Amino acid sequence: MAFVYNMESNRSKYQVRAAGSASPLPDYLAVLNPEQREAVLHTGKPLLILAGAGSGKTRVITTKIAWLIRERGMDPRSILAVTFTNKAAREMADRARLIDPRAGDAMLRTFHSFGAWFLRRNGSLAGLAPNFVIYDDDDTVSLLSTLMEDLSRAEVKLAAQYISRAKDYFLSPEDPELDRINYHREFRDLYARYEERLRQIGNVDFGDLIKKPVEILRTMPEVARRFRERFRVILVDEYQDSNVAQFALLKELSGPETYVCVVGDDDQSIYRFRGAEVRNILEFPDRFPGADIVRLERNYRSTSPILAVASSVVDYNRGRLGKTLRAERGGGKTPTLVFLPDQDAETDFCAALIEKSAGASGKGAYAGWAILYRTNAQSLGFETELLRRRIPYRVVGSLKFYEREEVKDALALLSFLVNPRDEVAFRRVVNKPARGVGAATVDRIVGFTSPDSGAGGDLAVTARRMLPDLPAKARAGLIAFLEAIGSGLAALVPEPVSDSPAGDLPGEELGDVPGGKGEPVLEQAGAGRKPRGKGDAPKVREELRAGEGLSVCVVRLVEDSGIAGYHLSHDEIAGNQRIANLQELANAASLYPATRAGLLDFLEHIELDRSIAEDAGDAEDTVTLITLHNTKGLEFRRVIMTGIEQGVFPRDDKKDDDLEEERRLFYVGATRAMDELYLCSCARRRIFGRTMAMEPSIFLREAGKSSLRIIGDVPYGFTRQDRHSGGSGKSGAGTADSRQRRRSSDGRWQTGDRLFHDDHGYGWVTEIQEGEEGPLVQVCFETGRELRFLSRHQSSRFMKVGDDV
DNA sequence: TAGTTTTAAGTTTTT
DNA sequence: CTTAAAACTA
């Protein structure tokens, strides 16, 4: 059987034959190195693949999928491969299909997308209707704020984070272990009430997409059995980023017969802050007894000087599985460390460097460059400078399309259409534009809508029933809203169509939705029938055009609800852009059928994949601006890491485990570079509009100055002190020293010192405590306020003044 | 209640 | 500095 395997020609040198083997290996296996091949051909026991950066991890997974189908006669549909990002899932599917087209039938999804798929089919076992909508973090906060009215938004956000973390750790409100997340009684109650409310509404949050499937699998052995029969092979990518709940899901899905293979790199674990549990990978051999480990330690991406710098930094971490990455590429340029006076000089340096190099090389040269930074906010300066020099660029990951107000409004309308129990969506749009339906009315409606009120929790039904009892103004407004919803509903083709563009496997015999999908969710009688054109739903010029499929529904909802008109009239300048965004949303919807199922599918895809389709993105010759986190899995010929200063990278509140995570982030960033690596560090930086003095990041010292070509004004003390001999894991010593120095040069604070603070005016020091984070200065201001400061953090905000002032 | 002004607060990272 | 939330006024 002939097949075509696309591969870069320079890899042909790996086309070897297996030693001692009489028959030649097929090409797609011959290109692998011995360790890679061992990983691909491994069977029978659980397998942990420790894959260093650039060691051909994706190739191994995709090849393994193809090999299982091709050589082991495995049904593609019995293979499940989970990743963490949609991009990774797509890439994996594409590459696996290149080796064998049948791989397209394997289930390749993100953890969350798999969870949603599972719940659509089996959620009813946990009391979840199949028409649930997925709440994002914003919606979660909105819902939570209705449960804790007297708290500020910031406090609600914090609570939402705790709940999200609790679910990451597979902790329910009644779990004793919940104390580890937050030991307050109130939190436990709040969490319980939130869960109850979510259940009544019939929606799920992100955490539920993992947690609920585990609960179902644990309590229903026959469901678990069915899934274990279905999926004989489970592959997990980026395993170091999995959390406790995801581990539990993996455990429940895998029986004694299941072949489990996880791939990861403990040095690239950078999502601890959102619940990733590095121990999942560290303890894999214990949790899956008899597991084999294959190490992929040959790096094909970076030249050895680059790898040396990256490894040197991450070597300072303790608690690693430990592996030695070897560069297969010899030679190469020494990475450059650039000391710059300030961030303007930094942007200028980067732009000039790229201009000089790429401008001269011509075609395709810009695409080789990437500028990396710690926080999204840092991208602004680079954008303006690149724009000024007419250097083409693209910013990865900062497209907040689905977070825009008008888009969220439209999505809320659509969500409500699908699930009229959705309180969050209802509150968001029922009085937008203002229709006289105030908070009092909304609270009344929501209050009357209990699950057993006969309306089944349906807010639209309750609202309609309450119409006669409402004041005229509110009544008229509510009618207008219900009409708009009815109008959107009328745009849907009534008969249930079960196909979806999402590529769900056809003929899914595994746990089909009970009762079918055609169940009416919203009564279509009354308001929706009313002919339009009464003037209460003004057409928004010809700005919005409905195309195919679901876009008809989107456009009609947006126009008839008055959302489009609201945004257009509200802000003349931004309005047109907002209409354009709504149009883009409608365009995206046009790919889906105008059915209830299509709408559900559309919403699910938006919730789970926020990245906007970058079809042409790969082909374009542009510089990439990207956060360090977002670079994982990517590679560039030339990489500039910027803002490598204490306080920025690492952030200065990081210590111990968090600091180690930052160090891994450095490792991830540096190992993206194939040919050239530049590290930038500024002496001054504007933070909150204030210019602050910065120190070089401790990571720069850890990189080893002898491994770097250093240019620019080297800060005092940088070259003098080299890294500690022996290279022990003692991190943070350098920071402590420098803090000490800076503090003493300012002069220590004493009780009675008078000072001036930019925001609070004059005051005097009343007390000094030695806090964990340095001296804690208590100040009494002339305004009467008493405040405490960490002198280390705030030193530039207040200054000592003499007695004469 | 809606829209405005004032104040404060915060800048990781994401499915 | 930018943005979001609280407070205020018409």
Side-chain angles (χ1 to χ4, degrees), chain A residues 82-89 109-116 134-138 140-141 145 150-158 161 164-165 167-168 204-211 238 241-243 245-246 269-276 343 372-381 396-400 402-403 405 431-442 471 473-474 477 566 570-571 604-611 626-632 643 647-654 658 661-662 664-665 668-669 685-692 759-760 793:
Chain A
V82 280
T83 63
F84 278 83
T85 66
N86 293 287
K87 202 172 22 167
R109 282 173 181 260
T110 64
F111 260 112
H112 294 268
S113 147
F114 175 80
I134 301 161
Y135 274 167
D136 65 12
D137 292 349
D138 246 26
T140 298
V141 171
S145 65
D150 46 342
L151 292 182
S152 73
R153 189 100 185 147
E155 290 168 301
V156 178
K157 258 189 180 158
L158 198 63
Q161 250 186 48
S164 163
R165 199 69 346 104
K167 292 191 177 184
D168 287 342
V204 298
D205 61 20
F206 271 119
D208 287 337
L209 292 176
I210 311 297
K211 186 164 172 274
E238 304 282 10
D241 287 330
S242 61
N243 61 35
Q246 285 158 340
S269 166
I270 54 175
Y271 287 112
R272 202 179 88 98
F273 68 92
R274 62 163 198 222
Q343 60 188 358
L372 278 49
Y373 36 80
R374 179 65 232 273
T375 65
N376 276 311
Q378 290 166 257
S379 77
L380 242 123
V396 174
S398 76
L399 283 160
K400 291 179 189 146
Y402 293 109
E403 282 164 38
E405 187 187 351
N431 197 32
K432 200 171 188 179
R435 302 182 177 95
V437 187
T441 309
V442 174
K473 213 172 163 189
Y566 168 85
H570 207 252
D571 188 336
E604 180 174 316
H605 273 254
I606 284 172
E607 283 309 330
L608 296 179
D609 188 0
R610 255 74 209 292
S611 68
I626 191 168
T627 62
L628 285 157
H629 280 88
N630 274 328
T631 61
K632 196 155 68 157
V648 177
F649 184 36
R651 289 180 60 85
D652 53 7
D653 53 350
K654 301 289 179 170
D658 286 338
E661 178 143 314
E662 298 272 307
R664 293 191 288 266
L665 197 53
V668 167
R685 180 172 291 275
R686 275 190 309 278
I687 297 174
F688 310 147
R690 247 188 203 86
T691 301
M692 308 271 278
D759 300 331
H760 301 96
H793 282 306

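Below, all heavy atoms of this structure are taken into account, side chains as well, without hydrogens, waters or symmetry copies. Quick caveat: nothing in here was measured; it's all calculated off a predicted structure. Protein chains get the first letters and strands the later ones, always in sequence-line order, with residue 1 at the start of each.
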Enquirer: Grab the CG-P distance between L380(A) and dG10(B) for me, whole Å please.
Expert: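 Nearest whole value for this atom pair: 21 Å.
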
Enquirer: Starting from C1' on dA2(B), measure out to CZ on R435(A) and report it in whole angstrom.
Expert: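 One finds 15 Å between C1' of dA2(B) and CZ of R435(A), rounded.
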
Enquirer: Give the rounded distance in Å between these two atoms: CG of N243(A) and P of dT14(B).
Expert: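 Roughly 16 Å, once rounded to whole Å.
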
Enquirer: Look at the side chain of N243(A) and the backbone N and O of G275(A), then say whether any donor-acceptor pair between them is shorter than 3.5 Å.
Expert: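 No, the answer is negative, given that no donor and acceptor are paired below the 3.5 Å cut-off.
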
Enquirer: Examine the side chains of S152(A) and E155(A) and answer whether a donor and an acceptor come within less than 3.5 Å of each other.
Expert: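 Yes, E155(A) and S152(A) have a side-chain donor paired with an acceptor closer than 3.5 Å.
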
Enquirer: Of the nucleotides dT15(B), dT1(B), dT13(B), which one has an atom closest to the side chain of H112(A)?
Expert: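 Taking heavy atoms from C-beta onward, the closest nucleotide is dT15(B).
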
Enquirer: Among dT1(B), dT13(B), dA2(B), which nucleotide sits nearest the side chain of A434(A)?
Expert: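 Closest nucleotide among those given: dA2(B).
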
Enquirer: Sub-3.5 Å donor-acceptor pair from the side chain of N86(A) to the main-chain atoms of L608(A), do we have one?
Expert: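 Checking the backbone N and O of L608(A) against the side chain of N86(A), a donor-acceptor pair under 3.5 Å is found.
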
Enquirer: Okay, side chain of Q343(A), backbone of G381(A): is any donor-acceptor separation there less than 3.5 Å?
Expert: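 No; judged by distance alone, with no hydrogens or angles, the pair does not exist.
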
Enquirer: Taking for each residue the nucleotide of DNA chain B with the nearest heavy atom, is it V437(A) or E662(A) whose nucleotide lies nearer the 5' end?
Expert: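 Checking each residue's closest nucleotide, the 5'-ward one belongs to V437(A).
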
Enquirer: Have a look at Y271(A) and say if it touches a base, only the backbone sugar-phosphate, or nothing, with a 4.0 Å heavy-atom cut-off.
Expert: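 The residue Y271(A) makes sugar-phosphate contact but no base contact.
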
Enquirer: Look at the side chain of D137(A) and decide which nucleotide, out of dT1(B), dT15(B), dT14(B), has an atom nearest to it.
Expert: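 Within the option list, the nearest is dT15(B).
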
Enquirer: How many Å lie between OH on Y402(A) and P on dT15(B), as a whole number?
Expert: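 Whole-Å distance recorded here is 13 Å.
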
Enquirer: Output the rounded distance in Å from CG (D205(A)) to C1' (dT14(B)).
Expert: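 My rounded result for the distance is 14 Å.
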
Enquirer: Can you tell me how far P of dT3(C) sits from CG of N376(A), to the nearest Å?
Expert: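 Those two atoms, CG and P, are 13 Å apart.
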
Enquirer: Does the structure show F84(A) stacking with dT15(B), if we require the centres to be closer than 5.5 Å and the planes to be within less than 30 degrees of parallel?
Expert: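 According to the criterion (under 5.5 Å, under 30°), no, F84(A) does not stack.
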
Enquirer: Any idea which of dT15(B), dT1(B), dT14(B) is nearest the F206(A) side chain?
Expert: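 The answer is dT15(B), which lies nearest to the side chain.
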
Enquirer: Where are the stems of DNA chain B, defined as at least 3 consecutive Watson-Crick or wobble G-U pairs with both distances under 3.5 Å?
Expert: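 B:1-10 with C:1-10 - these are the stems of 3 or more pairs that involve DNA chain B.
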
Enquirer: Would you mind reading off the distance between E155(A) atom CD and dA5(C) atom P, rounded to a whole angstrom?
Expert: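 Interatomic distance, CD of E155(A) to P of dA5(C): 13 Å.
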
Enquirer: If you check the N431(A) side chain, which of dT15(B), dT13(B), dA2(B) turns out closest?
Expert: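 Given the options dT15(B), dT13(B), dA2(B), the side chain of N431(A) is closest to dA2(B).
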
Enquirer: Would you say D137(A) and T140(A) are linked by a side-chain donor-acceptor pair, where the criterion is simply a distance under 3.5 Å?
Expert: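 Per modelled atom types, T140(A) and D137(A) side chains form no pair under 3.5 Å.
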
Enquirer: For R690(A) and dA8(B), give me the distance from atom CZ to atom P, rounded to whole Å.
Expert: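 Between P of dA8(B) and CZ of R690(A): 14 Å.
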
Enquirer: Does Q378(A) use its side chain to pair, donor to acceptor, with the backbone of T375(A) at less than 3.5 Å?
Expert: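 Yes, the answer is positive, given that a donor and an acceptor are paired below the 3.5 Å cut-off.
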
Enquirer: Taking only N/O atoms, report every protein-nucleotides 6-10 of chain C pair under 3.5 Å with atom names and distance.
Expert:
residue, atom, partner, partner atom, Å
dA6(C), OP1, R153(A), N, 3.4

Enquirer: Is the ring centre of H629(A) less than 6.0 Å from the ring centre of F273(A)?
Expert: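 H629(A) vs F273(A): aromatic centres under 6.0 Å.
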
Enquirer: For dT14(B) and N630(A) - does any side-chain N or O of the residue sit under 4.0 Å from the phosphate oxygens OP1/OP2?
Expert: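 Yes.
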
Enquirer: Closer to the 5' end of DNA chain B via nearest nucleotide, is it T375(A) or A439(A)?
Expert: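 Nearer the 5' end of the strand: A439(A).
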
Enquirer: I'd like to know if the side chain of R664(A) reaches the main chain of S269(A), judged simply by a donor and an acceptor atom lying under 3.5 Å from each other, with no hydrogens or angles considered.
Expert: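 Yes.
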
Enquirer: So, is N86(A) near the phosphate of dT15(B), with a side-chain N or O under 4.0 Å from OP1 or OP2?
Expert: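 N86(A) to dT15(B) OP1/OP2: no side-chain N or O under 4.0 Å.
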
Enquirer: Could you check whether D208(A) pairs with K211(A) (Lys NZ or Arg NE/NH1/NH2 to Asp/Glu carboxylate O, under 4.0 Å)?
Expert: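 Answer for the salt bridge query: no.
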
